[in-house]
Amino acid sequence: MPLPHSDLLMILPNLLLDPQALSALQGKHDVPLVILSWLVALAASYASLEIIRLVSSTSSSLWRRTWLTAGASVMGAGVWSMHFVGMHAYRLDFHVSHGHLLTLLSVLPAIVGSLVAMTLLCREPLSHRTLFLAGSSLGLGIGVMHYGGMAAMHMPATLYYALDLFLASLVVAVGLGVLSAYAYRLCRMENGKARYQRYAFISALCISLAVSGMHYVAMQAAWFVPMDNAADHAHMEASHWLIYVISGAAVFAALLTVLAIKIQRRLQDSERHGHMTQRRLLEVIAALQDGVVLFDDSARIRLCNNAFEQLTGMTHAQLMDADITQVPYAKDSQALTPTIHRALVSQGEWSGMVTALRTNGDEYPAWLSISRVNYAHSKDRDYVALLSDRTDEQNAQQRIRYLAYHDMLTGLPNRLALQEYLTTHLEDTRHKGHYSVLALLDVNRFKVLNDSMGQDIGDELLRQLGSRLQQAGKQVVAARLDGNEFALCLTLTATDQTEAERQAHQHIEAVQASLVADYQLHGHTYPCKINVGMLIFCPREIESVGQLFKRAGLALLEAKRQRDGEPKRFCAVLEQKLEEDITLERELRLAIDSGALSLHLQPQVGAQHEVIGAEALVRWHHPQQGMISPGRFIPIAEHTGLILPLGAWVLKEGCRLLGEWKHDPRLRHLKLSLNVSVRQFQQPDFVEQVTTTLRATGAPPERLTLELTESLLMSDPEGTIDKMLRLRQLGIRFALDDFGTGYSSLAYLKSLPLDTLKIDIAFVKDLTLDMQATPIAATIIALAESLGLDVIAEGTETADQCTVLARLGCHVYQGYYFGKPAPAAEFARRNGASSPTAS
């Protein structure tokens with residue numbers, strides 16, 4: 001029989017009774033229907049979670065409310081369907097029916113609880129309080145729905161509840177509901193699709209367990225006390241088709257909901273993608289530093305960025321829908337526009353440098369490029385133009401060019417700039433008859449200034465000198481070539497050689513006068529001296545710029561040699577001499593390598609005019625020029641560095657002769673003197689070279705005398721003394737050549753391991769003519785005697801000179817009076833005997 005409405009009020013008292021004391025009974029569950037009910041709850045739960053996810057990404061409030069309502073309805077209907085299936089899965093021994101109205105109304109608590117839970121779970125962020133409220137709402141909604149549905153049961157029995165299981169069902173509903181909320185938060189934290197689906201299923205599983213768990217725990221709490229007439233109401237089988245229809249409808253509704261969610265999300269993504277693509281495109285264009293403008297086939301501007309507005313000086317309102325041809329984007333835009341139009345029609349693009357223009361009249365260099373835009377599914381055509389300000393780039397290029405063509409210390413043009421100027425100057429003035437002058441200048445003894453006062457002082461001098469050159473006049477082109485070397489170039493008004501020379505000297509002397517005036521260098525007054533070499537030329541007579549520098553450089557070298565402060569003009573003799581020196585250097589190198597040199601020996605005689613030794617003098621017999629004087633090729637060898645291989649050859653050849661004389665009884669007592677240059681002696685391995693050569697040739701070291709000059713003592717006295725002592729230990733003797741012509745040798749004379757002083761030929765030849773020569777020679781001889789040194793008089797050519805020298809105390813002679821230098825073989829043949837050889 002149906003349960004009266006007044007019996008609803010008896011639910012609470014029925015909780016306080018012991019069902020077992022009333023002989024109450026319970027039903028049994030149909031397992032397949034239990035599983036079906038749980039699957040219904042799972043489908044509804046998963047659909048509701050998808051709705052929550054969709055609502056969380058929806059910005060429209062209307063759509064949010066619509067989807068929340070739909071989701072809550074699906075969730076509530078799913079929970080109700082699960083309850084409906086679960087109730088029909090419960091089997092009793094008597095017939096049970098349900099009140100239609102109350103059964104239908106029982107879905108409302110489930111919908112309301114689901115709506116509250118879903119609304120809370122859509123919030124951001126999800127706090128613990130929010131999660132607890134959401135889970136509790138869901139659990140309580142499920143509980144109210146269940147017990148409301150239980151109250152709709154019509155049966156011939158009284159319903160009782162076990163208090164503990166009744167409370168347990170509510171705890172299960174609320175607890176699993178809260179757990180479901182936390183599972184959903186974990187699901188929200190996952191961005192990856194695969195992991196999101198995994199956590200979403202876990203969360204749906206928790207909700208389904210909350211629904212099913214609460215239902216079946218609550219059913220275990222239910223006890224039924226049959227009435228006396230219960231037997232008259234036999235159990236009737238439930239309509240399984242209705243169960244499957246309702247459960248199928250619930251699952252189908254959940255699937256439709258998921259499908260609708262997928263479609264809605266795809267639409268949202270597509271809309272969002274299109275919106276973001278357009279918005280990002282506009283943001284990218286707006287962020288570009290270059291000006292961007294889009295105009296259509298009618299030349300109407302459709303789009304432009306802030307950079308274009310700033311570059312043109314026009315506002316957005318002025319530019320939009322304006323005719324691009326009427327925008328003054330460049331200085332010559334009216335003439336440039338037709339050219340651009342023709343290029344766009346024929347080629348679809350145009351680019352080039354323009355002088356861009358702002359509305360305030362400011363001009364700046366810019367790169368303009370325009371391209372046609374063809375669309376894939378439309379015949380419409382647009383054009384996009386990019387305007388790039390190249391002011392910084394142009395300034396950088398100008399700065400680079402300035403650095404490439406100017407000297408940073410003085411600000412003057414450098415060598416490269418002067419070379420380009422001279423190249424242009426020769427081409428421009430070659431057909432004219434005017435003369436020009438190129439002058440090269442350098443500071444005399446600049447290295448001494450740098451070394452003594454510091455590089456800062458030297459740089460200051462160069463800066464002030466450069467400043468004075470800049471004031472030389474507009475017609476004068478000044479440049480700093482390198483170090484302390486400068487150049488001047490000016491065009492003269494003269495058209496003939498004589499007048500050109502006069503004007504050139506006048507200009508250069510005026511410039512030189514301004515340059516040699518005293519300089520104030522950090523409180524020091526410095527009287528600068530300038531060496532000047534100049535070339536006066538007619539451009540049509542010059543072949544290249546290199547020829548100009550070569551000839552002016554030769555004039556400067558001549559000025560450095562003379563050091564008289566007078567400008568030196570280039571003449572053909574200087575160039576001829578340079579060419580001769582270059583040729584002589586090349587041929588001397590070949591002569592050293594091929595053995596074309598020879599040693600000539602000049603005898604050295606004692607007091608009785610007996611030969612006691614010889615000085616070896618190198619000779620070069622040129623195949624075309626004949627015998628070349630050592631005074632001609634020795635300076636070239638010293639200047640070019642050939643003095644080192646030349647000195648090594650002389651040492652080797654001299655030691656070879658001594659090695660041969662050692663085996664000749666007539667010559668073994670003779671000594672041989674070899675001249676050593678300063679550069680050769682200063683070589684770090686000079687001692688080893690001498691030792692190796694003596695060992696290789698077998699020459700007796702005590703018969704070898706090395707002749708040094710006073711300049712060697714001035715350059716490195718300590719190093720010289722050390723090497724001399726090491727060689728002296730081998731038995732080698734030393735002679736100081738050309739004594740009396742130096743300046744500082746007297747300070748070191750007592751410290752040097754010398755054996756002989758050689759009186760210079762300049763003092764010997766004037767002994768009978770110059771009254772001052774005799775005291776000088778006497779002083780040298782007396783100094784040698786006081787130091788225990790031997791003395792040799794060079795250049796003895798007469799008997800009177802011998803007589804004077806002997807009276808002064810000198811008893812060893814060398815000169816033409818006793819014999820001219822002769823080849824080694826001839827010397828050995830003539831002077832092998834010990835008889836006098838005076839002639």
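Just so you know, residue 1 is the first one in the sequence shown, and it goes up from there. Atoms considered below: every heavy atom in the structure, side chains included; atoms not considered: hydrogens, waters and symmetry mates.
- Heavy atoms only, all atoms of each residue included: Ala404 and Asn414 are closest at O-ND2, 2.8 Å.
- At least one side-chain heavy atom of Leu441 sits under 4.5 Å from a side-chain heavy atom of Leu515.
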- Worked verdict on Thr756 versus Val791 for side chain to side chain contact (heavy atoms under 4.5 Å, CB included): CA-CA 5 Å; Thr756 304; Val791 180; 6.0 Å; no
- Task: Given side-chain hydrogen bond (donor to acceptor under 3.5 Å, both in side chains), test Glu566 with Gln562 step by step and report yes or no.
- Result: CA-CA 9 Å; Glu566 295 295 327; Gln562 297 193 17; over 6 Å; no
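- You'll find the side chain of Ile530 reaches within 4.5 Å of the side chain of Leu465, heavy atoms only.
- Taking the side chain as every heavy atom from C-beta outward, Gln625 and Glu587 approach each other to under 4.5 Å.
- The closest donor-acceptor contact from the side chain of Arg703 to the backbone of His669 lies under 3.5 Å.
- No donor-acceptor pair closer than 3.5 Å links the side chain of Arg656 to the backbone N or O of Gly659.
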- Message: Could you walk me through whether Val650 and Asn675 satisfy the side chain to side chain contact (heavy atoms under 4.5 Å, CB included) test, starting with their C-alpha distance in whole Å, then the side-chain angles of each, then the deciding distance to 0.1 Å, before giving a yes or no?
- Response: CA-CA 8 Å; Val650 170; Asn675 289 284; over 6 Å; no
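- Contact detail for Arg619 and Pro821: the closest heavy-atom pair is NH2-CG, 3.8 Å.
- Here the shortest heavy-atom pairing between Val545 and Gln419 reads CG2-O, 4.0 Å.
- Evaluation of the ring pair (Phe, Tyr, Trp, His ring centres under 6.0 Å) test over residues 638-663, restricted to residues two or more places apart or in two chains, returns Trp661-Phe827.
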- Task: Determine, step by step, whether Glu615 and Lys671 satisfy the salt bridge (Lys or Arg N to Asp or Glu O under 4.0 Å) criterion, reporting the C-alpha distance in whole Å, the side-chain angles of both residues, the deciding distance to 0.1 Å, and the verdict.
- Result: CA-CA 8 Å; Glu615 179 181 1; Lys671 300 175 183 178; over 6 Å; no
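- Summarising the geometry of Leu789 relative to Leu754, their closest heavy-atom pair is CD2-O, 3.1 Å, with the distance given to 0.1 Å.
- Between the side chain of Gln683 and the backbone N or O of Arg679 there is at least one donor-acceptor pair closer than 3.5 Å.
- In this structure, the side chain of Thr692 does not engage the main chain of Gln689 through any donor-acceptor pair within 3.5 Å.
- When every heavy atom of Val812 is checked against every heavy atom of Cys810, the shortest pair comes out as O-SG, 3.5 Å.
- A heavy-atom distance below 4.5 Å is not found between the side chains of Thr697 and Leu658.
- The side-chain heavy atoms of Phe537 and Leu426, taken from C-beta on, include a pair separated by under 4.5 Å.
- Environment of CG in Asp482: sparse, with no more than 12 heavy atoms of neighbouring residues, nucleotides or ligands closer than 6.0 Å.
- If you take CG on Leu601 and CG on Leu657, they are separated by 6.0 Å, rounding to the nearest 0.5 Å.
- A salt bridge between Lys765 and Glu797 is absent, with no side-chain N of the basic residue lying under 4.0 Å from a carboxylate O of the acidic one.
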- Task: Evaluate the criterion side chain to side chain contact (heavy atoms under 4.5 Å, CB included) for residue pair Lys758 and Leu736; output intermediate values, then yes/no.
- Result: CA-CA 6 Å; Lys758 298 188 72 173; Leu736 190 58; over 6 Å; no
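- The nearest pair of heavy atoms linking Asp790 to Ala784 is O-CB, 4.4 Å.
- Atoms CG and CG, from Leu440 and Leu548 in turn, are 10.0 Å apart once rounded to the nearest 0.5 Å.
- Dense packing is recorded around NZ of Lys662, with more than 12 heavy atoms of other residues, nucleotides or ligands lying under 6.0 Å away.
- Each side chain to side chain donor-acceptor pair (under 3.5 Å) pair with one or both residues in residues 444-456, not counting sequence neighbours, appears once here: Asn444-Arg563, Lys447-Asp451.
- In this structure, Phe686 has its ring center closer than 6.0 angstrom to the ring center of Phe681.
- At distances below 3.5 Å, not a single donor-acceptor pair connects side-chain atoms of Gln604 with backbone N or O atoms of Glu794.
- In this structure, the side chains of Leu584 and Arg632 come closer than 4.5 Å at one or more pairs of heavy atoms.
- Side-chain polar atoms of Asn531 and Asp442 form a donor-acceptor pair below 3.5 angstrom.
- Taking the charged nitrogens against the carboxylate oxygens, Lys568 and Glu558 have no contact shorter than 4.0 Å, which rules out a salt bridge.
- With Tyr519 as the aromatic partner, Arg463 does not meet the cation-pi criteria of under 6.0 angstrom to the ring centre and within 45 degrees of the ring axis.
- Considering only heavy atoms from C-beta on, Leu706 stays 4.5 Å or farther from Met724 through its side chain.
- Checked by atom type, the side-chain pair Gln801/Tyr813 shows no donor-acceptor distance below 3.5 Å.
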- Stepwise side chain to side chain contact (heavy atoms under 4.5 Å, CB included) test for Phe734 and Leu708: CA-CA 7 Å; Phe734 291 96; Leu708 310 178; 4.0 Å; yes
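- Rounded to the nearest 0.5 Å, atoms CG (Leu674) and CG (Leu617) are 10.0 Å apart.
- Of the inter-residue distances, the one linking Leu462 atom CG with Cys528 atom SG reads 9.0 Å to the nearest 0.5 angstrom.
- Remark: the backbone N or O of Phe763 is not paired with any side-chain donor or acceptor of Asp760 at under 3.5 angstrom.
- Ile781 places a side-chain heavy atom less than 4.5 Å from the side chain of Ile759.
- For the atom pair CG (Leu646) and CD1 (Ile634), the distance works out to 5.0 Å, reported to the nearest 0.5 Å.
- With Arg728 contributing its side chain and Pro753 its backbone, the two residues share a donor-acceptor pair below 3.5 Å.
- Here the NE2 atom belonging to His524 is positioned 10.0 Å from the CG atom belonging to Leu449, to the nearest 0.5 angstrom.
- Under 3.5 Å, the side chains of Thr803 and Asp800 contain no donor-acceptor pair of N or O atoms.
- Side-chain contact annotation: Ser598 with His621, donor-acceptor N/O pair under 3.5 Å absent.
- Using a 4.0 Å cut-off between charged nitrogen and carboxylate oxygen, Arg733 and Glu707 do not count as a salt-bridge pair.
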- Message: side-chain hydrogen bond (donor to acceptor under 3.5 Å, both in side chains) for Gln682 and Lys723? Distances and angles first, verdict last.
- Response: CA-CA 9 Å; Gln682 289 177 340; Lys723 290 180 181 179; over 6 Å; no
